[in-house]
A.B. asks: 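If you scroll down you'll find the structure; I have some questions about it.
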Amino acid sequence: MARYNAKESEIHWQAVWTARQSFVAHTDPARPKCYVLEMFPYPSGRIHIGHVRNYTMGDVIARFRRAQGFNVLHPMGWDAFGLPAENAARDKGVNPLEWTYANIATMREQLKAMGLAIDWSREFATCDPEYYKHQQKLFIEFYEAGLVYRSEADVNWDPVDQTVLANEQVIDGLGWRSGAPVERRKLAQWFFKITAYSDDLLEALDRLDRWPEKVRLMQKNWIGRSEGMRFAFDLSNGATVEVFSTRPDTLFGASFVALSPDHPLTEELAKRDPKLAAFVAECRRVGTAEAAIETAEKMGYDTGLTAAHPFDQTWKLPVYVANFVLMGYGTGAIFGCPAHDQRDLDFARKYHLSVVPVVVPQGVDPKSFDVGNEAYVGPGVLANSRFLDGLDVAAAKAEVAKRLEAAGRGERTVNYRLRDWLVSRQRPWGCPIPMVHCGDCGVVPVKDGDLPVKLPDDLVFNTAGNPLDRNTAWKNVPCPSCGKPARRDTDTLDTFVDSSWYFARFCDTTTDKPVDRAAADYWLPVDQYIGGIEHAILHLLYARFFTRGLKKFGYTSVDEPFAGLFTQGMVCLETYRGHNGGAWYTPDEVEKRGGKAFLKGTDVPVEIGPSEKMSKSKKNVIAPEPIIDAYGADTIRWFMLSDSPPERDIDWTETGAEGCWRFAQRVYRLATEAGELPPPGAAIGQAAGPGLELRRATHRAVAAVTEDLDALRFNRAVARIYELANAITASDADVPGAVRREALEALVLLTGPMMPHLAETCWNVLGHGDLVVDTPWPKADPALVHSDTVTIAVQVNGKRRGEITISRAAEQKSIEAAALALDGVVRALDGKPPRRVIVVPERIVNIVA
RNA sequence: GCCCGAGUGGUGGAACUGGUAGACGCACUGGAUUCAAAAUCCAGCGCCCGCAAGGGCAUGUCGGUUCGAUUCCGACCUCGGGCACCA
């Protein structure tokens with residue numbers, strides 16, 4: 001029996017595609033284009049199974065569209081700046097640049113071994129000065145357009161390592177290396193003014209109809225447009241404090257005013273109140289992560305001040321500083337209405353403040369209404385609220401607004417949750433911010449001709465602080481404006497900036513401008529973007545913002561970067577960890593005995609954690625290479641597409657790989673052992689009997705696979721291909737050769753996007769001298785897809801009692817008669833006459849007895 | 001804490017727009033082939049009652065709408081993603 005040699009075949013066809021430049025894209029406005037892009041990888045060292053899934057999906061679409069006649073752009077690059085390179089530099093003493101490029105070299109070979117239909121001539125890494133030069137230029141353009149500004153912001157400060165920590169480097173309030181309690185500190189930082197586009201970014205979501213609904217909803221909530229009021233409270237010390245509220249209707253239910261620990265007034269008060277200063281320091285110990293702040297136990301500090309109620313100056317409310325009030329949202333100060341806000345209620349219960357319901361559900365007596373420990377946030381009628389009593393919530397909001405505005409105490413405003421994008425990073429392995437600080441001229445952009453501002457070659461990591469800041473040779477430069485001694489900005493850009501425009505650069509990677517307008521006009525927007533759901537908000541929102549900038553500066557005419565978005569599920573795997581929060585272990589380091597896990601070759605027990613997103617930090621990562629080595633790329637590609645719907649998470653299991661391998665062999669055997677076939681292109685003529693059946697199966701498969709790939713339902717396409725293979729296997733040996741050829745060719749072409757090497761080999765075996773990648777996608781004959789008869793179920797009282805096979809065109813009456821004549825129906829009716837018969841043509845008959 | 005998802009046999013999942021629940025794959029069981037094995041082929045495979053014919057139960061839980069609900073509505077449970085310096 002002939003065996004398919006995957007390794008040999010894959011190397012061969014990859015060489016053929018490369019030699020023929022099959023996947024090199026050319027800008028050609030005369031042809032319809034399709035730009036397929038997967039989120040580019042961080043060069044961590046080796047590709048992991050999640051990459052395999054992501055790039056396989058994109059590759060299937062790229063090859064499918066190509067077969068359908070589109071001019072396809074399918075490029076690849078590297079998101080090459082980031083923390084892991086710094087960690088490697090620090091831990092292993094390597095140069096981050098060398099480490100990164102070595103990783104890229106390894107991963108490029110691994111991706112090539114997957115047989116991806118990628119235009120490698122467009123490859124770049126974001127750490128290439130050739131790339132970040134243009135990014136620096138764009139930064140300056142954003143700056144000159146007023147979309148970049150400098151302001152103070154909080155960071156996580158590690159007082160021992162003298163460095164800023166990422167949120168993931170803060171563990172339970174402690175620095176991950178030093179173990180020192182982390183402080184929140186203010187630094188002057190650069191911001192992109194993304195909030196200038198809040199409304200636009202929100203509104204345009206409605207038009208992104210090829211984006212998943214959930215991503216649009218997540219972005220909508222992230223932008224968080226809310227209508228409310230800003231208004232002022234007079235404080236007992238003569239100051240006023242402005243609050244923002246979306247529920248001004250509940251003002252008569254107020255029982256306290258609370259300031260953020262970061263509020264300017266708090267800082268003022270803390271200067272004269274050491275206890276308050278200590279409280280603020282305590283609050284800051286949780287770091288900057290919102291999740292940490294919001295899940296921390298509610299804490300408040302009574303300042304001793306009081307605030308006068310805006311509608312009754314004699315009504316005094318206590319003024320607290322509270323850890324759950326965020327400075328970044330609204331005004332950084334709130335009035336607390338415990339009856340109608342859960343956080344306020346938790347706070348009020350803890351500090352024994354009054355809880356007065358002022359909105360009660362329709363028809364409920366306010367006197368008997370008690371919120372208990374659950375705030376009432378539903379609709380209702382105002383009560384205990386003087387002139388608002390009896391109004392509904394909307395009317396009460398309007399009335400409060402009218403009165404406060406008339407009194408000059410406040411105004412209606414639209415508030416957004418979205419904050420400006422902080423892009424300064426005190427890190428050496430990133431794109432340098434092209435700004436110079438001059439004692440005389442202030443902040444001055446680097447001159448165009450002096451770009452790129454390149455990172456120094458001699459980054460030193462073995463002391464505390466930022467290596468760029470310590471590198472005086474690099475840092476000290478003359479002012480671009482006056483020429484006097486000045487210093488560079490020693491911060492680098494958030495790596496999300498790098499990934500906010502790379503898709504536009506791919507349109508033409510040779511241009512000396514950031515983006516070539518003509519190429520961008522042809523290729524943009526990306527027709528199908530594919531990546532992990534974990535990027536649903538930040539990366540995608542930043543890229544949308546950046547695209548608006550690119551348009552403003554004349555680089556493109558599109559508003560939106562990604563016309564179609566698909567978020568694949570993550571590949572998950574169990575985690576292994578030493579006892580009591582010990583070190584994480586990779587699956588390779590662990591062996592299982594009797595349902596328990598141990599360090600390989602020892603009796604040291606290891607805790608098995610839940611299946612989670614594969615991540616470097618938790619080491620629950622498996623390597624695709626051994627699988628590719630053992631079975632070939634086609635097998636692992638097929639596996640990644642089979643079974644699980646692409647948007648859903650999958651748990652990696654090894655059981656399926658062998659099944660995929662067997663199927664690859666089976667397709668190969670079907671082609672090689674097909675027997676006598678007429679030459680390619682032979683006419684089929686009229687088929688009947690088994691021949692017609694096989695033709696129907698073939699055309700049904702073509703129609704279904706085409707439809708499934710269009711909708712990115714890879715797992716269903718795989719199932720339809722199995723069915724076709726089964727139909728070919730089961731078909732009579734005396735089916736006409738031309739019919740068999742048609743079925744086999746369809747099978748090969750349909751598997752082409754998924755198992756491209758195998759398909760080329762089989763195409764060759766079937767006598768074709770050309771390539772599958774140059775062969776048009778098969779077309780289904782509608783006449784062969786639909787049969788004349790249809791089998792429909794017959795139910796009695798909703799329970800299935802039989803089925804009838806009947807002409808599609810059958811009349812209601814004859815369907816009914818056939819259904820009532822069924823044995824099972826007669827038995828179920830037991831002589832009773834049917835009360836009602838529901839006939840849904842081509843679907844079902846339901847008899848109500 | 002807040003926002004967003006997902007839950008169907010032993011297992012991954014399928015089911016078009018409210019119309020036969022379990023397509024297709026994996027695992028497993030039995031058989032053929034083989035000196036034996038691998039590979040391959042054939043058959044079976046949700047659970048319960050029944051010799052069978054057949055009947056009952058079943059899509060995370062509880063309720064609702066409907067002739068009919070995996071699908072729509074409400075409440076809850078469990079798991080996962082994001083929360084702005086991981087990428």
Side-chain angles (χ1 to χ4, degrees), chain A residues 1 3 39 41-42 44 79 81-84 155-156 164-170 212-215 217-218 220-222 224 288-296 298 324 328 342-343 346 417-427 494-496 498-499 532-539 541-542 567 569-570 572 610-613 615-617 642-645 647-651 653 655-660 662-663 665-666 669 707 715-716 718-723 726 729 791-795 797-803 824 827 835-838 840 842-848:
Chain A
M1 195 186 317
R3 296 275 284 178
M39 293 179 185
Y42 178 79
S44 53
D79 191 11
F81 278 132
L83 279 177
V155 295
N156 296 310
V164 176
L165 298 179
N167 281 335
E168 75 156 14
Q169 298 173 324
V170 179
E213 187 56 43
K214 66 174 169 182
V215 174
L217 191 55
M218 283 160 87
K220 183 181 170 204
N221 290 335
W222 186 261
T288 60
E290 186 180 309
I293 294 169
E294 288 211 35
T295 49
K298 306 244 176 329
F324 64 92
Q342 192 59 46
R343 286 170 307 183
D346 295 343
R417 214 185 72 93
L418 181 67
R419 306 199 297 261
D420 278 333
W421 176 15
L422 195 171
V423 292
S424 299
R425 298 290 182 269
Q426 295 69 44
R427 311 211 176 283
D494 179 6
T495 56
F496 274 128
D498 309 338
S499 54
I533 183 66
E534 67 273 23
H535 292 295
I537 297 175
L538 293 179
H539 161 58
L541 194 62
Y542 294 151
T567 55
M570 283 172 284
C572 296
S611 185
E612 286 182 62
K613 165 191 171 185
S615 74
K616 280 155 270 167
S617 60
S642 304
D643 292 355
S644 281
E647 69 280 5
R648 206 178 291 181
D649 290 353
I650 56 166
D651 284 328
T653 67
T655 52
E658 292 191 5
C660 295
R662 282 201 296 270
F663 182 68
Q665 290 293 346
R666 198 175 148 209
R669 274 200 315 276
E707 203 174 290
N715 57 320
R716 298 206 331 184
V718 164
R720 298 291 86 85
I721 290 171
Y722 274 114
E723 282 176 347
N726 290 345
T729 303
T791 300
I792 61 177
V794 178
Q795 301 178 330
N797 290 333
K799 286 199 197 324
R800 187 178 173 280
R801 297 296 176 189
E803 61 184 32
R827 208 178 312 125
R835 281 197 295 156
R836 192 176 156 196
V837 179
I838 292 151
V840 183
E842 297 181 43
R843 284 281 159 76
I844 203 162
V845 177
N846 189 13
I847 297 158
V848 187

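So that the names make sense, note that chain A is the first sequence line, chain B the second, and so on, each numbered from 1. These numbers were taken from a predicted model, which means no experiment stands behind them.
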A.B. asks: Rounded to whole angstrom units, what separation is found between the CG atom of A/Leu165 and the C1' atom of B/rC86?
C.D. replies: 13 Å
A.B. asks: Hey, are the side chains of A/Asp643 and A/Asn715 touching, using non-hydrogen atoms and a 4.5 Å cut-off?
C.D. replies: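 Result no, sub-4.5 Å side-chain heavy-atom pair not found.
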A.B. asks: Any idea which heavy atoms bring A/Asn156 and A/Ala166 closest together, and the distance?
C.D. replies: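 It is ND2-C, 4.1 Å.
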A.B. asks: Do A/Ile844 and A/Ile838 have side-chain heavy atoms sitting under 4.5 Å apart?
C.D. replies: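 Side chain of A/Ile844 against side chain of A/Ile838, heavy atoms only: no contact under 4.5 Å found.
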A.B. asks: Just to be sure I understand the rule, does A/Pro645 reach a base, reach only the sugar-phosphate, or reach nothing, if contact means heavy atoms closer than 4.0 Å?
C.D. replies: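 Answer is sugar-phosphate: A/Pro645 comes under 4.0 Å of backbone atoms only.
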A.B. asks: When all nucleic acid strands are considered with a 4.0 Å heavy-atom cut-off, which category describes A/Val215: base, sugar-phosphate, or nothing?
C.D. replies: nothing
A.B. asks: For a quick test of reading the model: is some side-chain N or O of A/Asn715 closer than 4.0 Å to OP1 or OP2 of B/rA14?
C.D. replies: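 True: A/Asn715 side-chain N/O within range (under 4.0 Å) of B/rA14 OP1/OP2.
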A.B. asks: Does A/Thr791 reach a base, just sugar-phosphate, or nothing at all? Heavy atoms under 4.0 Å.
C.D. replies: base
A.B. asks: Take atom CE of A/Met218 and atom C1' of B/rG80, then tell me their distance rounded to the nearest Å.
C.D. replies: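 Atom-to-atom, A/Met218 to B/rG80, this comes out as 11 Å.
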A.B. asks: Go ahead and name the base partner of B/rU33; Watson-Crick or wobble counts if both distances stay under 3.5 Å, otherwise write none.
C.D. replies: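 Its partner is none (no Watson-Crick or G-U wobble pair with both distances under 3.5 Å).
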A.B. asks: Suppose you measure atom P in B/rG56 against the same atom in B/rA21; what distance do you get, rounded to whole Å?
C.D. replies: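 It comes out at 13 Å once rounded to the nearest Å.
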A.B. asks: Select base, sugar-phosphate, or nothing to describe what A/Phe496 touches, counting heavy atoms under 4.0 Å on all strands.
C.D. replies: base
A.B. asks: Would you kindly compare A/Arg836 and A/Ser644 by the position of their nearest RNA chain B nucleotide and give the one closer to the 5′ end?
C.D. replies: A/Ser644
A.B. asks: Take atom C1' in B/rA6 and the same atom in B/rG19, then report the distance between them in whole Å.
C.D. replies: 25 Å
A.B. asks: When the P atoms of B/rA58 and B/rA69 are considered, how many whole Å apart are they?
C.D. replies: 11 Å
A.B. asks: Measure CG/A/Asp643 against C1'/B/rA14 and give the value in whole Å, please.
C.D. replies: 11 Å
A.B. asks: So what's B/rU66 paired with, Watson-Crick or G-U wobble, going by both distances under 3.5 Å?
C.D. replies: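 Base-paired to nothing in any strand shown.
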A.B. asks: Does the side chain of A/Trp421 come within less than 4.5 Å of A/Leu538's, by heavy atoms?
C.D. replies: no
A.B. asks: What contact category does A/Ile293 fall into here, base, sugar-phosphate, or nothing, at under 4.0 angstrom with non-hydrogen atoms?
C.D. replies: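 Nothing, no nucleic acid heavy atom in range.
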A.B. asks: Tell me what A/Ile838 touches on the nucleic acid: a base, only sugar-phosphate, or nothing, going by heavy atoms under 4.0 Å.
C.D. replies: base
A.B. asks: When the distance from CZ of A/Arg800 to P of B/rA58 is rounded to whole Å, what number comes out?
C.D. replies: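 Going from A/Arg800 (CZ) to B/rA58 (P), I get 18 Å.
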A.B. asks: Check this one for me: any side-chain N or O of A/Arg425 less than 4.0 Å away from OP1 or OP2 of B/rC85?
C.D. replies: yes
A.B. asks: Provide a list of protein-nucleic acid N or O atom pairs under 3.5 angstrom, restricted to nucleotides 27-32 of chain B.
C.D. replies:
unit_1 : atom_1 : unit_2   : atom_2 : d
B/rA27 : OP2    : A/Arg662 : NH2    : 3.1

A.B. asks: Starting from C1' on B/rA14, measure out to OH on A/Tyr722 and report it in whole angstrom.
C.D. replies: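 Distance, rounded to whole Å: 15 Å.
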A.B. asks: With heavy atoms under 4.0 Å as the rule, sort A/Trp421 into base, sugar-phosphate or nothing.
C.D. replies: nothing
A.B. asks: Protein-nucleotides 6-9 of chain B N/O pairs closer than 3.5 Å?
C.D. replies:
unit_1 : atom_1 : unit_2   : atom_2 : d
B/rG7  : OP1    : A/Arg648 : NH2    : 3.0

A.B. asks: Does a side-chain heavy-atom distance below 4.5 Å link A/Glu294 with A/Phe324?
C.D. replies: no
A.B. asks: Looking across every strand, which nucleic acid part, if any, lies under 4.0 Å from A/Gln795 by heavy atom: base, sugar-phosphate, or nothing?
C.D. replies: base
A.B. asks: B/rG9 and B/rC45: how far apart are their C1' atoms, nearest whole angstrom?
C.D. replies: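 That atom pair is separated by 10 Å.
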A.B. asks: State whether A/Thr495 places a side-chain N or O below 4.0 Å from either non-bridging phosphate oxygen (OP1 or OP2) of B/rA87.
C.D. replies: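 For B/rA87, OP1 or OP2 has a side-chain N or O of A/Thr495 closer than 4.0 Å.
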A.B. asks: Let me know the distance between NE2 of A/His535 and P of B/rC83, rounded to the nearest Å.
C.D. replies: 10 Å
A.B. asks: Measuring only the P atom in each nucleotide, how far is B/rA14 from B/rC86? A whole number of Å is fine.
C.D. replies: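 Between the two P atoms, the distance is 34 Å.
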A.B. asks: Taking the P atom in each of B/rG60 and B/rG13, what is the distance between them to the nearest angstrom?
C.D. replies: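 Rounded to whole Å, the distance is 13 Å.
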A.B. asks: Take atom CG of A/Asn846 and atom P of B/rU20, then tell me their distance rounded to the nearest Å.
C.D. replies: 11 Å
A.B. asks: By the 4.0 Å heavy-atom rule, please label A/Ala296 as base, sugar-phosphate, or nothing.
C.D. replies: nothing
A.B. asks: A/Asn726 near the nucleic acid: base, sugar-phosphate alone, or nothing, with a heavy-atom cut-off under 4.0 Å?
C.D. replies: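 Here A/Asn726 touches the backbone only, sparing every base.
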A.B. asks: Which pairs, protein N/O on one side and nucleotides 47-55 of chain B N/O on the other, fall under 3.5 Å?
C.D. replies:
unit_1 : atom_1 : unit_2   : atom_2 : d
B/rG55 : OP1    : A/Arg801 : NH1    : 3.1

A.B. asks: Determine the interatomic distance between C1' on B/rU65 and the same-named atom on B/rU71; round to the nearest Å.
C.D. replies: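 To the nearest whole Å, 13 Å.
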A.B. asks: From the options B/rG5, B/rC83, B/rC86, select the nucleotide whose nearest atom is closest to the side chain of A/Lys214.
C.D. replies: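 The closest nucleotide is B/rG5.
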A.B. asks: Without hydrogens or angle criteria, can the side chains of A/Asn726 and A/Arg666 be said to hold a donor-acceptor pair below 3.5 Å?
C.D. replies: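 A/Arg666 and A/Asn726 do have a side-chain donor-acceptor pair below 3.5 Å.
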A.B. asks: If the C1' atom of B/rG25 is compared with that of B/rG64, how far apart are they to the nearest Å?
C.D. replies: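 Between the two C1' atoms, the distance is 37 Å.
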A.B. asks: Going by heavy atoms in the side chains, are A/Phe663 and A/Ile721 under 4.5 Å from each other?
C.D. replies: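 Yes, at least one pair of side-chain atoms sits under 4.5 Å.
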A.B. asks: Any non-hydrogen side-chain atom of A/Val794 less than 4.5 Å from a side-chain atom of A/Arg801?
C.D. replies: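 Counting from C-beta outward, A/Val794 and A/Arg801 never come under 4.5 Å.
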A.B. asks: Using a heavy-atom cut-off of under 4.0 Å over every strand shown, decide if A/Ala291 touches base, sugar-phosphate, or nothing.
C.D. replies: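 Here A/Ala291 touches the bases of the nucleic acid.
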A.B. asks: Quick check on B/rA84: is either OP1 or OP2 less than 4.0 Å from any side-chain nitrogen or oxygen of A/Asn167?
C.D. replies: yes
A.B. asks: Regarding A/Lys214 and A/Glu647, does a basic nitrogen lie under 4.0 Å from an acidic carboxylate oxygen?
C.D. replies: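 Looking at A/Lys214 and A/Glu647, the cut-off is not met.
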A.B. asks: Whom does B/rU59 pair with, Watson-Crick or G-U wobble, provided both distances fall under 3.5 Å?
C.D. replies: none
A.B. asks: Please report, rounded to the nearest Å, how far the P atom of B/rA84 is from the CG atom of A/Leu422.
C.D. replies: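 Whole-Å distance recorded here is 12 Å.
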A.B. asks: Regarding A/Glu647, tell me which of base, sugar-phosphate or nothing describes its non-hydrogen contacts under 4.0 Å with the strands shown.
C.D. replies: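 Since no nucleic acid heavy atom lies under 4.0 Å of A/Glu647, the category is nothing.
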